[in-house]
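Here's the structure, in structure tokens; my notes come after.
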Amino acid sequence: MVYKKTAPVNWCPHDATVLANEQVIEGCCWRCDTPVERKEISQWFLKITAYADELLKDLDTLEGWPEQVKTMQANWIGRSEGVEMDFIVADSGEALRIYTTRPDTLMGVTYLAVAAEHPLAKRAAENNPAIQAFIEDCKKMETSEAAMETMEKRGIASGLTAIHPISGEPVPVWIANFVLMGYGTGAVMAVPAHDQRDYEFAQKYGIAIKAVIKAANGEDDSIENQAFTTKGVLFNSDEFDGLTFSQAFTAIAEKLEREGKGQRKVNFRLRDWGVSRQRYWGAPIPVIYCDDCGTVPVPDEQLPVTLPEDVVLDGSQSPLAAHPTFPHTPCPQCGKAAKRETDTFDTFMESSWYFARFASPQADTMLDEHANHWLPVDQYIGGIEHAILHLLYARFFHKLMRDEGLVTSNEPFKNLLTQGMVVAETFYQTDAHGHKHYFNMTEIEVERDSKGKICGAKLLSDGSPVTIGATEKMSKSKNNGVDPQLLIDKYGADTVRLYTMFTSPPDQSLEWNDAGVEGAQRFLKRLWRQAHLHVSAGLSATPVDKASLSEGQKAIRRQLHQTLAKVSDDLNRRHTFNTAIAANMELLNALNKFEDDSANGKAIRQEILEGIVLMLSPIVPHIARQLWFDLGHAQDVVTERWASVDESALQQESVQMMIQVNGKIRGKIEVALTASKESIEAQALANEDIKKLIGENPIKKMIVVPNKLVSIVI
RNA sequence: GCCUUGGUGGUGAAAUCGGUAGACACACAAGACUUAAAAUCUUGCGCCUUCACGGGCGUGCCGGUUCGAUUCCGGCCUAAGGCACCA
């Protein structure tokens, strides 16, 4: 499950250090502006691809996960069915292996492309300065997929050809900057007529474009301006002419298999997980390299390998590799002088199993049986930015632990709630070197236009102008976070919690703004005042007499119990805290208008106030605790059971129904709950407004949706 | 470039399974209370039109399905998240 191979990193030759993708600004080091090079270094990998199938299949078992996240993971794993085949290099006879999901376009291949690091490219570069220069140039590329996909696609002919496995024709081999050695086989086949990237590349370099697929459904399949990428019917393909995609897939795969030139293959987009980091702040990878014994794991009794504290952190080199003593240690097997691994683990390594360790904190080993008692995690909550990497690594690691006998469950997280990002504007100034310095909102003064949008900003300290950057997720690097403490100091924690929960549902991203926080405080004040007016008028200790309720009393009790049902559902199932709070605001507004000093009225007021306090206690615990005592309870509200809905209070005798004529709302009627379809229709047609509208027009159609509306088509 | 999710009043949002668009708030305006201000309370508040009653339009844009579309389908624009070393 663990192996070493070379993989590309961003290398700053000036600082002699590896840079994260985020630290590469327009192809240059963020610190010294030196152009960054792509460098292949040896790194440790975990074989997550061995679990690709299971990670994909088990997504179906995650019923408590958002569809969005499961879709993203499925696409990331990217299972594809295709064909792997060899093109034979004409001069040397070596096999050039490629993989394609479109074997139906095989007869349209007009060139092959290999990575700059491919052995074939290296061979072509011998005695060819132009190819050498091109390969050298390819090193100046960023490693991120986004950069790869958006950069200019360039290439150079290698001068070599390879034999097409079916036609036997020679096909030119190109060296291209968009093919990577580390992914797949480092070589691809190109069909310009039926792939847009290949099309653009062929146009640019004057390579032949050969159409072999025509539309099956009469769609425009001309390739004059762009590739035709829809699956269709083969032509120009000799024995395969007239076949559909799936027929051609089978026929071509079988022919290749028969002739020993290729075979069907399932591929995954997912790549193995590189866990080596050339950094100080991380868990050291516990491995020792011995000249005689090779790669030796650090023995259990020597674990953990702890970080030295006397390191030089100057941004140049790996502090561990540069440390005078840390790398030097005897080999655990033979005792001879050996060298420690100085790379540390990717931090995702630890975040992949911390939840299991939290469940067995006393364990002497990695985990004990307590982990199984608690796992899987019932409700996991995290930002949507973790939808793929963290959540996929954790799922993989959990399966690894299962296969090592450490846990018994297949998945780590039963239910998942992904929070939206809180995003905020960024503000920066650019210095003489072109570096951006980000300022926090508290350090600047903003100008707003009539719509409240920020349209200008200057630094508070010296009044110098500040550039307004993109609105993005709050982060340390962009300095666009907000400290809630300032608001808490001003309004109190309950108000800030209430406001935060009320602003939007948790899975939605949010542009932070505290403009409405006053409203949250006003609501809590109104609740406090209502409760204390009630208390000072003398609490009601008697239960509601349900047998003698007036219409008004029935109505407000119905609202209370409807609210209880809704809030329970909002909190438990929907996690929409904003609508749960709004429903309580409506209930309090109704209570404000409920003027009833009778004994039963008082009892109802007590019932409603207790209901609101209970429903809000998870969100505003401090004020709820105090009000609960004030309402006459001896026990803290946190020990109370959640309120139950009184079904009898929900009952209604009639319901309001809309009347639509030709799709527009034209009237309303009050209908008894027991009314038949026929009597509802008759009542709708008897409505004066509707009668006038229909006039002499014949009724074509009439639809009755129970308890909702009557739709009449004339 | 690719994958995912969103776009509804001046603002944050609601409409849960295709059935009253804008609940609940913020902001704003007018009024009450006050010497005054704050706080509080009341009323109004999508756009156009109308003295009014009312009428028309309206959920990013264009088109489609349906008796009926914020909701479903196709295309486009746009913002955010991710793209394997920010974590």
Side-chain angles (χ1 to χ4, degrees), chain A residues 7 9-10 18-24 43 48 66-69 71-76 78 143-151 153 178 196-197 269-279 346-348 351 383-390 392-393 418 420-421 423 450-453 470-473 475-478 499 502-505 507-511 513-520 522-523 525-526 529 566 569-570 573-574 576 578-579 581-586 589 592 656-665 668 700-703 705 707-714:
Chain A
V9 293
N10 300 305
V18 174
L19 298 175
N21 286 334
E22 202 192 18
Q23 297 169 324
V24 180
Q43 306 190 63
I48 189 172
E67 282 307 317
Q68 174 194 5
V69 175
T71 307
M72 280 194 268
Q73 291 213 351
N75 291 338
W76 182 262
T143 56
S144 77
E145 189 191 314
M148 298 279 303
E149 289 290 330
T150 50
M151 74 183 175
K153 310 289 184 293
F178 56 84
Q196 190 58 25
R197 186 183 65 185
R269 205 188 76 97
L270 182 67
R271 307 198 301 257
D272 277 337
W273 176 14
V275 295
S276 294
R277 297 291 182 271
Q278 299 69 42
R279 305 202 188 282
D346 176 6
T347 55
F348 277 129
S351 62
I384 186 66
E385 80 273 28
H386 291 304
I388 293 171
L389 293 183
H390 162 59
L392 192 63
Y393 290 144
T418 46
M421 298 281 88
V423 297
S450 56
K451 288 191 171 179
K453 269 263 173 254
T471 300
E472 46 192 315
K473 73 170 175 176
S475 68
K476 289 190 284 277
S477 61
K478 298 288 161 62
Y499 172 66
F502 181 61
T503 300
S504 77
D507 56 357
Q508 190 167 315
S509 76
L510 171 72
E511 257 180 80
N513 181 349
D514 60 19
V517 68
E518 303 267 358
R522 276 204 280 268
F523 167 70
K525 281 180 178 170
R526 276 200 299 271
R529 210 176 310 123
K566 179 185 168 49
D569 187 46
D570 283 354
R573 181 180 64 88
R574 297 213 303 155
T576 51
N578 56 331
T579 52
I581 292 166
N584 274 290
M585 287 175 167
E586 286 182 72
N589 289 345
N592 264 324
Q656 187 181 261
M657 288 180 76
M658 300 295 115
I659 310 172
Q660 287 186 351
V661 179
N662 285 355
K664 293 202 174 194
I665 304 291
K668 297 172 191 180
K700 278 199 201 160
K701 202 170 181 181
M702 204 154 166
I703 297 155
V705 182
N707 301 335
K708 291 221 168 109
L709 58 76
V710 183
S711 183
I712 303 166
V713 187
I714 57 172

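Here is the naming used below: chain letters follow the sequence lines, and residue numbers restart at 1 for every chain.
- For C85(B), one of the phosphate oxygens OP1 or OP2 lies less than 4.0 angstrom from a side-chain nitrogen or oxygen of R277(A).
- The separation between N707(A) atom CG and U20(B) atom P is 13 Å, rounded to whole Å.
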Under-3.5 Å N/O pairs linking protein and nucleotides 29-31 of chain B:
none

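- Along RNA chain B, the nucleotide closest to N662(A) and the one closest to Y393(A) are compared, and the more 5′ of them pairs with N662(A).
- Across all strands, R269(A) comes closer than 4.0 Å to base atoms (heavy-atom distances).
- Formation of a donor-acceptor pair under 3.5 Å by the K153(A) side chain with backbone atoms of M151(A) is found in this model.
- Pairs of Watson-Crick or G-U wobble type, with distances under 3.5 Å, assemble into runs of 3 or more in RNA chain B at these ranges: B:1-7 with B:77-83, B:10-12 with B:24-26, B:28-32 with B:40-44, B:46-49 with B:54-57, B:60-64 with B:72-76.
- Atom CG of L392(A) is separated from atom P of G81(B) by 21 Å (rounded to the nearest Å).
- Separating the CD atom of Q660(A) from the P atom of U20(B) is a distance of 8 Å, rounded to the nearest angstrom.
- Relative to the side chain of E586(A), the nucleotides A25(B), A80(B), C24(B) differ in distance, and C24(B) lies closest.
- The base of U16(B) lies close enough to the side chain of R573(A) for a donor and an acceptor atom to sit less than 3.5 Å apart.
- In terms of position on RNA chain B, the residue among A515(A) and I712(A) whose nearest nucleotide sits closer to the 5' end is A515(A).
- We find that CG of D514(A) is positioned 12 Å from C1' of G12(B), with the value rounded to whole Å.
- In this structure, R522(A) reaches the A27(B) phosphate: one of its side-chain N or O atoms is under 4.0 Å from OP1 or OP2.
- Of the possible polar contacts, one joining the N662(A) side chain to the I714(A) backbone as a donor-acceptor pair under 3.5 Å is found.
- When the nucleotides G81(B), C85(B), G12(B) are ranked by their closest atom to the side chain of F502(A), G12(B) comes out on top.
- Contact annotation for N578(A): backbone-only contact, meaning every heavy-atom pair under 4.0 Å involves sugar-phosphate atoms and none involves a base.
- Using a distance-only test at 3.5 Å, with no hydrogens or angles considered, a donor-acceptor pair links the side chain of Q23(A) to the main chain of A20(A).
- Proximity of a side-chain donor or acceptor of D272(A) to a complementary backbone N or O of I48(A) within less than 3.5 Å is detected.
- Using a 4.0 Å cut-off, no side-chain N or O of K473(A) falls inside it from OP1 or OP2 of G81(B).
- Side-chain contact check for S477(A) and E22(A): at least one donor-acceptor pair (N or O, by modelled atom type) lies under 3.5 Å.
- Counting non-hydrogen atoms under 4.0 angstrom, F523(A) reaches nothing in the nucleic acid.
- Between G6(B) and U71(B), the distance separating the two P atoms is 12 Å to the nearest Å.
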>> Run the side-chain contact (heavy atoms from CB on, under 4.5 Å) test on I384(A) and M72(A) for me, step by step, so that the C-alpha distance in whole Å, both residues' side-chain angles and the decisive distance to 0.1 Å come before the verdict.
In response: CA-CA 11 Å; I384(A) 186 66; M72(A) 280 194 268; 3.9 Å; yes
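- Taking atom CG on L709(A) and atom C1' on C67(B), their separation rounds to 10 Å, with Å as the unit.
- Here N513(A) does not reach the OP1 or OP2 of U11(B): none of its side-chain N or O atoms lies under 4.0 Å away.
- R269(A) has a carboxylate O that lies under 4.0 Å from a charged side-chain N of E145(A), or vice versa, which qualifies the two as a salt bridge.
- Of the candidates G12(B), C67(B), A87(B), G12(B) carries the atom nearest the T503(A) side chain, counting heavy atoms from C-beta on.
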So which protein nitrogen or oxygen atoms get under 3.5 Å of nucleotides 1-3 of chain B's nitrogens or oxygens?
from  : atom 1 : to      : atom 2 : distance (Å)
G1(B) : N2     : E145(A) : OE2    : 3.4
C3(B) : O3'    : N75(A)  : ND2    : 2.9
C3(B) : O2'    : N75(A)  : ND2    : 2.9

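- Across all strands shown, V705(A) has heavy atoms under 4.0 Å from base atoms, whether or not it also approaches the sugar-phosphate.
- No engagement by V517(A) is indicated, since no non-hydrogen atom pair under 4.0 Å with the nucleic acid exists.
- In this entry the distance linking CE of M421(A) with P of G81(B) reads 8 Å, nearest Å.
- Side-chain atoms of Q43(A) do not come within 3.5 Å of backbone N or O of V275(A) as any donor-acceptor pair.
- Between M658(A) atom CE and G18(B) atom C1' there is a gap of 17 Å when expressed in whole angstrom units.
- Close to U20(B), at under 4.0 Å from its OP1 or OP2, lies no side-chain N or O of Q656(A).
- The gap from the C1' atom of U59(B) to that of A14(B) amounts to 12 Å, rounded to the nearest Å.
- Counting any heavy atom pair closer than 4.0 Å across all strands shown, S475(A) reaches no nucleic acid atom.
- OP1 or OP2 of C57(B) has at least one side-chain nitrogen or oxygen of K664(A) nearer than 4.0 Å.
- C45(B) sits 11 Å from A27(B) when the C1' atoms are compared, rounded to a whole Å.
- The same atom, P, is picked in U8(B) and in A79(B); the two are 14 Å apart, to the nearest Å.
- Judged by distance alone, with hydrogens and angles left aside, K525(A) brings no side-chain donor or acceptor close enough to the base of U40(B) to form a pair under 3.5 Å.
- For A582(A), taking side-chain heavy atoms from C-beta onward, the closest of the listed nucleotides U20(B), A84(B), C24(B) is C24(B).
- Base orientation of C41(B): anti, since the glycosidic angle falls outside 90° of 0.
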>> Working note: D570(A) + T579(A), criterion side-chain hydrogen bond (donor to acceptor under 3.5 Å, both in side chains); need CA distance, chi angles, decisive distance, verdict.
In response: CA-CA 7 Å; D570(A) 283 354; T579(A) 52; 2.9 Å; yes
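- Nucleotide A13(B) holds its P atom 9 Å from the OH atom of Y499(A), rounded to whole Å.
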